[in-house]
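Report on the following structure.
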Amino acid sequence: MNWDTIKGQWKQLKGKVQEKWGDLTDDEFDQIEGKREQLVGKLQEKYGYEKDRAEQEVDDFLRSNTSP
């Protein structure tokens with residue numbers, strides 16, 4: 001699934017993302033708006049992940065929570 005599609009489905013995915021990364025606030029989710037780099041950056045900021053780990057976490061999450 002590409003990120004254009006994810007941006008279009010962000011409202012549906014938002015709940016699942018909130019379950020996975022509950023430390024992110026509603027305001028932060030609104031700022032992210034389905035943008036991969038924004039989500040990666042917020043994970044680095046909130047969880048102290050290295051960029052590579054944050055990107056891998058996002059990719060793994062999306063692979064397991066979206067249909068092809």
Q | Rounded distance [0.5 Å steps], NZ in K16 versus OG in S64 | A | 8.5 Å
**Q.** E19 side, atom CD; N65 side, atom CG - distance, nearest 0.5 Å
**A.** 8.5 Å
Q: List in chain and number order the residues that pass side chain to side chain donor-acceptor pair (under 3.5 Å) with K35, two or more places apart in sequence or in another chain; answer none if no residue qualifies.
A: E33
Q | Shortest non-hydrogen contact between E55 and E37, atoms and distance | A | OE2-OE2, 4.2 Å
Q: Output yes when D60 and R53 qualify as a salt bridge under the 4.0 Å nitrogen-oxygen rule, no when they do not.
A: no
Q | Counterpart residues, ring-ring contact (aromatic ring centres under 6.0 Å, His included), relative to F29 (two or more places apart) | A | none
**Q.** Test side-chain contact (heavy atoms from CB on, under 4.5 Å) applied to D59 and R36, step by step
**A.** CA-CA 9 Å; D59 291 344; R36 184 178 188 277; 3.1 Å; yes
Q: Quick one: pull up CD in Q38 and CG in L43 and give me the separation to the nearest 0.5 Å.
A: 11.5 Å
Q. Distance from T25 atom OG1 to K42 atom NZ, nearest 0.5 Å?
A. 7.0 Å
Q.
Can you tell me how far apart CD (E57) and CG (L39) are? Round to the nearest 0.5 Å.
A. 10.0 Å
Q | Residue list, salt bridge (charged side-chain N to carboxylate O under 4.0 Å, His left out) with D23, at least two apart or on another chain | A | none
Q. What's the verdict on side-chain contact (heavy atoms from CB on, under 4.5 Å) for W10 and I32, showing C-alpha distance, side-chain angles and the deciding distance?
A. CA-CA 9 Å; W10 182 243; I32 293 166; 3.8 Å; yes
Q) Atom CD of Q56 and atom NZ of K51: how far apart are they, to the nearest 0.5 Å? A) 14.0 Å
